Every structure is written in structure tokens, then in C-alpha cells.
Amino acid sequence: MTAEVKPTNCHYCGYCCAFLATVEDGRVTDLVPDPSRYPYDERILAGCRRWRMNLDALDGPDRVNYPLRRAGKRGGNEWERVSWDEALDDIAARLRALADEHGPETLASAIGGPHASFWPLHRFMNLFGSPNNMGIGQICWNPRIWMDALTFGWTVEADIVPGVTECLFIWGTNPAQSDNSAFWRSILAFARSDAALVVVDPRRTQAAAVADLWLPVRPGTDCTLALGLLHVIIGEGLVDRAFVDAWCHGFDELAEHVRPYTPAHVAAVCGLPEDDIVRAARLFGRAGAAALVSGRGVDQVGANVAPTHRAICCLRAVTGNVDKPGSCVLAEGPDFVSEMELEMSDALAPERRARCLNTPFTPLQCYDGYDRARKLTEKLGRTLPERYLTSALPHLVLRAMEEGEPYPVRALIVNATNPLLTYADTHRVFDALMGLDLLVVLDYYMTPTAMIADYVLPAAGAIERPVLQVHGGVANMGYGGPAAVEPYYERRTDYDVFRGLGLRLGQEDAWPEETLADAFAAQLARAGMDWDAFCQLGIYWQPPAHAKHELPGPDGRPQGFATTTGKIELASEFLPTLGGPRLPEPAAPAAPLCSPELVEDAERAGGAHLPMITGSRKQPYNASMYFNNPAFRQKSPHPVAEVSEATAGRLGLKPGDRVEIATDKGSARFILETAPLRDDLVNVDYGWWHPEWEPGGPDLGGMWESNVNCLTSCEPGEPLIGTWSYNAIDCVIRRIDEPLSWE
């Protein structure tokens, strides 16, 4: 048979780079980068180690290829192969029976990524009648989206323009590891220019290493730092008065509010030199155009997440760095069908929305909060994705599983995530999931979570499924391309799975497109983009205009911002209606996770009591993914806990030592390494397990020994969104002599 060369896309991170696949007799025999299509070129891919997995993974011996049903006790690694009809018929029947007994909210879902489209699951959940999609958006993405939207009326993105952007802040993210693509290359180019690069991070990351100024902030004090920068900018007259007077609400309140945040005070709280705080403020305030990029490091500061993002928004606004070239630009709403419409969020009945677990606890991250915010964003025709921003707090879903309060959650569908490793408080997650009546996992591999499931369904992966990545639908951009081949073996796309369940549960009218490619084509059609044309280009993008607030509205006057006042709300008029503050205020630190007894025991054993951060990205791994790649494991063979050289010396530790880190929640073991980061701080790898081990209990792929989430808590610390903390967690660390089980 003649070989064909087909466009397709990788799916081993969110950037979905373009490739050309050689296909013979329905099988991919070669794969090369395609620099003609968005997003990236061969130079970028030369530095990426993940894309080379695509060919091997198609026929990998550890892939799940057929639907599997548990045959023995939960976690016993006894399975029987069943047909798709058997699996979907049984799952649908069990879901129907559980809904009849407890109500449809008895079903919860969990999502992850990047190898999935989440709206098919969200659509299924809305039509089934459950508000309980459990996610970790509260520590990744949601906080920034919420605070941007309530301050500016929509989300903002950095608009870095060479020769125009004079200052760039990178705050709480390390694109060299989390991105490793064109954005990281643009930062490197920026660092080589005459413009100023400032990095805020307790670790001296690759970005910090090329920066003009590194601010190794004490974890959890980011809000105080942002308020201190505002103090200097306002006090030294570095404010864009014309922009503030015309387009900002509450400036005088903010100016008074930041008066106590002097460089001396901020230096003491944040553990930074006063001169560096002042210098950073001047670099940002004096720039003709300044951009600021924040990441998960900010999203994971617990109680301080919302006020930190609000303070960062204020930094952009008072310096006039909003919607102008080279600064931060408000994104456009999508021309194509939005994420919220695809989810069919409005199909969830009011009485089911009222059953949202979050409502009494997080007045913003719930349906009532979303509906109030929606009235604002829709002033300018934009609608935020609903299911992300109403996702149920894991703490509350777990409580409903454990105690049946306020109602029992008895079933869970897990799509492309691994909660036993990536959700906080692993022991609690494990106990809750072990007690379920139905646990369904859709994934590539037999993950620890899949090992305790009732059904494991084989997911079609990269090259086998089409891709349309729209990042939640908060910008007028989508990229991706077609599948190169039909899914191997009996794998299916998530769309096929949830459509199949939906058709069995009376949702026929809601799933008109037979395939995921058909659904993507319908999504793009509204924007006038043909699916075949999109597959050739790899992108649909309409660049956002600048100064959109000055455009005339229906009455001929400037349209302003989609907020209560029509201006950027430095002092919020919206948040007080939900019990929140008008101005960003640092919150008290989270309750300690180490009892005095634990600290005393550790210190008697020669250990120490330190703050811990975790969750940072480290190539080539991503969360709990890719640990089954032998080449990756050869280069990064063991889970690591990092401290500075000075801290190691003070504690009598050296690189290569085995250490145990513990809180009252549990303990985990790592190999110590030294790295450039703040003194008296430990940075711990997360997501570690051993896919090469025999699956099933009690070891569950070795997930217990070095899983940092055995130490963490998902108790919400922030009152509006419910964020918990992965940074500034107190722990104890001590050296151990016994070998780790995998050595």
C-alpha cells in the first residue's frame, strides 16, 4: 500500500505541536515536525523530549487497549476484557440506578489533562443533572481568571512586543520547564535585549538565572510584595494619572490602603532586600510599556491567592499597562462556539444548580457567584466557561463520599487525571475512592487510580484523535489539527465515550455530531472557518485590538470595561456583595500541618522544621505523567527534595542523602539535592510513582513511598474560590539510613 503523509498533532502538553505522520495501512510508521503549521518549528521541537514518545506509545506494551471490568476485589488487579457495548450499557445502568436512589448529583467527575477535551464530559454531566465536576482548577487557572474578570471585565494576557515592552515580570512560573516552547524562547530573547526582566520566585529558576533582578520571595507572601510595589509606584508618582483618572475606580482608596506597605515592612515580611523591592517597582513603573505573566506559583498560595491576583491586576492598571501594545491586553471572546455553549451549561436545571456543594462555602466559585459575574462579562458579549469556574472543591466531594453530607456521592468518572497522585491528601482520596459504588477511569495507562477502578476505558491519544485546543475559550484562538489514523485497537476518544453514555441515558438530541472531528467542525463553523482549512493551517486566531475600552458602545460613548462601574475596579464593587474585601488584603497563613509533637520528634532525630513548596513543573515529567518512559527515568531516576547549599550545610545534609519529609498527614521519602533557592526552604517533587512495578494493591504502583500529596491537605484556605496551599506548607525533614524500596 502506498504511504500517505498526513498532518497531525502531538498531545503530550497543552501546545499540541504540529507534525507530519507517514501512514501505511492504517499504521503510523514515521513522524516528523511540521514547521509549516502552528504552533512551533523544528528549533523548538529539537529541545522537546516528549514528542518522540508518540510512535512508541501507539503500540506501547503498557497501553490500555480494550475496555476492562474489575473481576476481583477493588485494587486486586483482576480484570476481564469486555466489549464497549457491555461496558457502556452496564455503566449507564448503574448510573441510572444510583441517580434513582440518591439523585443525579450522586455522580462526580474529575478532569486533568492535557490529553483530553473536557467539554464532552461537562456536557454529559450537565445533561445527567450533576453539578459535581471535581477539579483542581482552584489551584491552577481559576484564581487568575476570576480576579482578572472581576477587575477588568475579562482576562488579560501578556503582549510582549520586542522594542516596545520595556519591562517584563515573570511571577510564580518557570516557562523553561512548564512551557519549554516559543514563549520560553521569547523570554530568552527578551533577556538579551536592553529591556528589564524581573522574576519573582523562591527558586532561582532558569528564568531567574537570565533575569536582571530576581526576587526570591518568601512563599505565601506574594500579596504583601505586590502591595509593596504599589506603595513605591504610587508614592514616587510613577502612576499613569491620565489612565487612572479616566479608567480606574477606587484609586484614592488603594493609595491609602498601600500606605503601610513600606519597603522596610515588605522586606521583613517577604525576606527580600529593601533596595530590590524599590528597584523592581521603579522598573515596572517607569517603563513605557510593561507586561506581567503569573503562573501556578501564585495560584497555589492558599488563602492569599485571590488578593495576590487582585494586587497584580492593580499593578497593571495604575501604571496604565492595560490594553496597550507591549503590556497586557484584554483577550477577545471567541468567534467560534464557546466552551460554555459546548458544555450546555444552561441545560443544568435550577434545582440541580442549587445542589452545588460549594454554595455555602465559596460564594464566588459556585453557580450563584458565576451567574452574578456572568451578568457583568456579558455586558460586552463575553461568557466565561461555567463548569471550570463552578467546579466542586475536592474537600467537599470527598466529604460527600465519606459522610454522605449534604448528600451521598457514590460514583466518580475520572477523565485523563490521576487523583491518587495529583490531588492533595492522598490517604483521604484513597479511602474515599475505595468506598465508591462505581469508579470509572478513562486513560492511556493503568495508573494508580485506574488500579482501583471498576472500569478502565482505553483512551485514544495523540495522533489517534483530532485536536482543537482553545484553553477554556477565554480568547479568540484555537489551534490543533486532525487525527492521522483511526484509534488503534479498541481505544476511543472521550467524545465517543460520553456521547455513548449520553445516548444510553436519554440525551440523544444533545449529541448530533457523530464524531469529535464533526463536533470541532461545527464549533469552528460559526467563525467561518472550515475544518479542512483549519487542519491545513493549524490555527484560528484573530489578534485582539488595543484600547477596546475606548471603542464606542451602542450609545456612542466609550464602552469601557465589563465591570459594575464600567472601569477597572481597583476597589471592587462586586466582591463585597459576596462577603469579600474591596481591596486586596494579605491573609493569615494557613494552619500548620505539623503538630508540636511531630516537630519535637523530628528535631530529636536530628531533623528540622521547614516550610515546603511543591507542584513545580520539572521536565520531562508533567504531574504524574511520563514516569513510564525509560529514557526519562534514566536521566531523572529518583524523586528529589531540594534545599539550598547553605540549608543543607546547616542541617548536616549532603546531595544523595535519603530524607523523609513529613506532616501530620503522612510522610514521603526522597533523595536530597542542592539547588539555588531561598535558604531554609525545601522544594519537593510531586507526582512520583513506579509504573514498572506490578499493578494493584497494596503498593498501587509504588505511589505511597514518594508521593508528596501524602503530606498535603485539600482543606480550602481561601474563602471566595476555595484554594488550598501547595506552597508555604510547614513540614519536618530528617535524614534516613535505610534504602528506599526502589534502590
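Note that the numbering runs from 1 along the sequence shown for the chain. Hydrogens, waters and symmetry mates play no part in the numbers below; they use all other heavy atoms, side chains included. Since the structure is predicted, the reported quantities are computational estimates derived from the model, not experimental observations.
- Under a 3.5 Å cut-off, the side chain of N132 and the backbone N or O of C356 do not form any donor-acceptor pair.
- A donor and an acceptor atom, one from each side chain of N418 and T449, are located under 3.5 Å apart.
- R399 is listed as a side-chain neighbour of P406, based on a closest heavy-atom distance under 4.5 Å.
- By the 4.5 Å heavy-atom criterion applied to side chains, L700 and I452 are counted as neighbours.
- In this structure, the side chain of R499 engages the main chain of W511 through a donor-acceptor pair within 3.5 Å.
- Salt-bridge check for D56 with R50: failed, with every basic side-chain N at 4.0 Å or more from each acidic carboxylate O.
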Could you check V409 against M134 for side-chain contact (heavy atoms from CB on, under 4.5 Å), going step by step and ending with a plain yes or no?
CA-CA 11 Å; V409 169; M134 175 174 64; over 6 Å; no
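- With N126 contributing its side chain and H122 its backbone, the two residues share a donor-acceptor pair below 3.5 Å.
- Rounding to the nearest 0.5 angstrom, the gap separating the CG atom in L501 from the CG atom in L457 is 8.0 Å.
- For the atom pair T447 OG1 and N628 CG, the distance stands at 11.0 Å (nearest 0.5 Å).
- More than 12 heavy atoms of other shown residues, nucleotides or ligands fall within 6.0 angstrom of atom CD in E351.
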What verdict does the side-chain contact (heavy atoms from CB on, under 4.5 Å) test give for N476 and F336, after you've listed the backbone C-alpha separation in whole Å, the side-chain angles of each residue and the deciding distance to 0.1 Å?
CA-CA 8 Å; N476 199 14; F336 45 82; 4.0 Å; yes
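- To the nearest 0.5 Å, atoms CE (M477) and OH (Y540) are separated by 12.0 Å.
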Show your working on ring-ring contact (aromatic ring centres under 6.0 Å, His included) between Y495 and W119 and close with a plain yes or no.
CA-CA 9 Å; Y495 180 86; W119 62 262; 5.8 Å; yes
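- Ion pairing of D368 with R353 is absent here, as no side-chain N (NZ or NE/NH1/NH2) approaches a carboxylate O to less than 4.0 Å.
- Taking 4.5 Å as the limit, every side-chain heavy atom of N415 sits out of range of all side-chain heavy atoms of D443.
- Taking E105 as the reference, R352, R355 meet the salt bridge (charged side-chain N to carboxylate O under 4.0 Å, His left out) condition, with sequence neighbours excluded.
- Side chains of R465 and S117: a donor-acceptor N/O pair is present below 3.5 angstrom, by distance only.
- Distance check: L107 CG to L412 CG gives 7.5 Å after rounding to the nearest 0.5 Å.
- Checked by atom type and distance alone, the side chain of T8 pairs as donor or acceptor with a backbone atom of P482 at under 3.5 Å.
- Side-chain atoms of E4 and T22 form no donor-acceptor pair, as typed in the model, at a separation below 3.5 Å.
- The heavy-atom pair separating N709 from L421 by the smallest distance is ND2-O, 2.7 Å.
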Test log, rule side-chain contact (heavy atoms from CB on, under 4.5 Å), inputs N629 and M53:
CA-CA 8 Å; N629 185 305; M53 292 189 290; 3.1 Å; yes
CA sep, side-chain torsions, deciding dist, call: H427, W704, ring-ring contact (aromatic ring centres under 6.0 Å, His included)
CA-CA 9 Å; H427 293 284; W704 297 110; 5.1 Å; yes
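- Shown are Q138, E339, Q365; of these, the side-chain hydrogen bond (donor to acceptor under 3.5 Å, both in side chains) with Y388 is made only by E339.
- For C16 against N9, the heavy-atom pair with the smallest separation is O-ND2, 2.7 Å.
- Among residues two or more places apart in sequence or in another chain, the side-chain hydrogen bond (donor to acceptor under 3.5 Å, both in side chains) test is passed with H690 by R633, E692.
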Test ring-ring contact (aromatic ring centres under 6.0 Å, His included) applied to F19 and H11, step by step:
CA-CA 11 Å; F19 287 86; H11 217 182; over 10 Å; no
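- R94 contributes a side-chain N or O that, together with a main-chain N or O of D437, makes up a donor-acceptor pair within less than 3.5 Å.
- Less than 6.0 angstrom separates the ring centroid of Y621 from the ring centroid of W688.
- Within a 6.0 Å sphere centred on CD of E508, heavy atoms belonging to other residues, nucleotides or ligands number more than 12.
- Looking at R74, its side chain never comes within 3.5 Å of a backbone N or O of R70 through a donor-acceptor pair.
- Between the side chains of D425 and S713, no donor-acceptor pair is found at a separation under 3.5 Å.
- When atom types are taken as modelled, the side chain of T106 and the backbone of H102 share no donor-acceptor pair closer than 3.5 angstrom.
- Residues R374 and M340 form a side-chain contact, since some pair of their non-hydrogen atoms from C-beta on lies under 4.5 Å apart.
- R526 pairs by the salt bridge (charged side-chain N to carboxylate O under 4.0 Å, His left out) definition with E341, not counting sequence neighbours.
- Salt bridge present: D34 and R37 bring a charged side-chain N and a carboxylate O closer than 4.0 Å.
- Summarising the geometry of T493 relative to A460, their closest heavy-atom pair is N-CB, 3.8 Å, with the distance given to 0.1 Å.
- In terms of modelled atom types and a separation under 3.5 Å, the side chain of E101 and the main chain of L98 share no donor-acceptor contact.
- Rounding to the nearest 0.5 Å gives a distance of 12.0 Å between CG of L121 and CZ of F128.
- At a cut-off of 3.5 Å, with distance as the only test, no side-chain donor of N622 or Y12 sits close to an acceptor on the other residue.
- With N133 contributing its side chain and R387 its backbone, the two residues share a donor-acceptor pair below 3.5 Å.
- Within the 4.5 Å cutoff, the side chain of V456 has no heavy atoms near those of the P67 side chain.
- In summary, D496 and R491 do not engage in a salt bridge, as defined by a charged side-chain N under 4.0 Å from a carboxylate O.
- Inter-residue side-chain proximity for D431 and E402 is flagged as unmet; no heavy-atom pair is nearer than 4.5 Å.
- The backbone N or O of S624 sits less than 3.5 Å from a side-chain atom of W689, completing a donor-acceptor pair.
- Contact between G722 and P716 at its shortest, heavy atoms only, is O-CB, 3.3 Å.
- Under 4.0 Å is where a charged nitrogen must lie from a carboxylate oxygen, and between E86 and R81 no such pair does.
- Using a 3.5 Å distance cut-off with no hydrogens or angles, the side chains of N707 and T426 do pair a donor with an acceptor.
- Contact detail for Y489 and R27: the closest heavy-atom pair is OH-NH2, 4.0 Å.
- For W531 and F520, the ring centers sit closer than 6.0 Å to each other.
- A perpendicular orientation is assigned to the rings of Y626 and F632, their planes being inclined by more than 60° (bins at 30° and 60°).
- Checked against the 6.0 Å centroid threshold, F361 and H395 do not count as a close aromatic pair.
- Between D454 and R69 there is no salt bridge, since no side-chain N of the basic residue sits under 4.0 Å from a carboxylate O of the acidic one.
- Within the 4.5 Å cutoff, the side chain of C366 has heavy atoms near those of the T359 side chain.
- By the 4.5 Å heavy-atom criterion applied to side chains, T515 and E513 are not counted as neighbours.
- Side chains of Y444 and R63: no donor on one and acceptor on the other come within 3.5 Å.
- Y445 approaches D62 most closely through the heavy-atom pair CD2-O, 3.3 Å.
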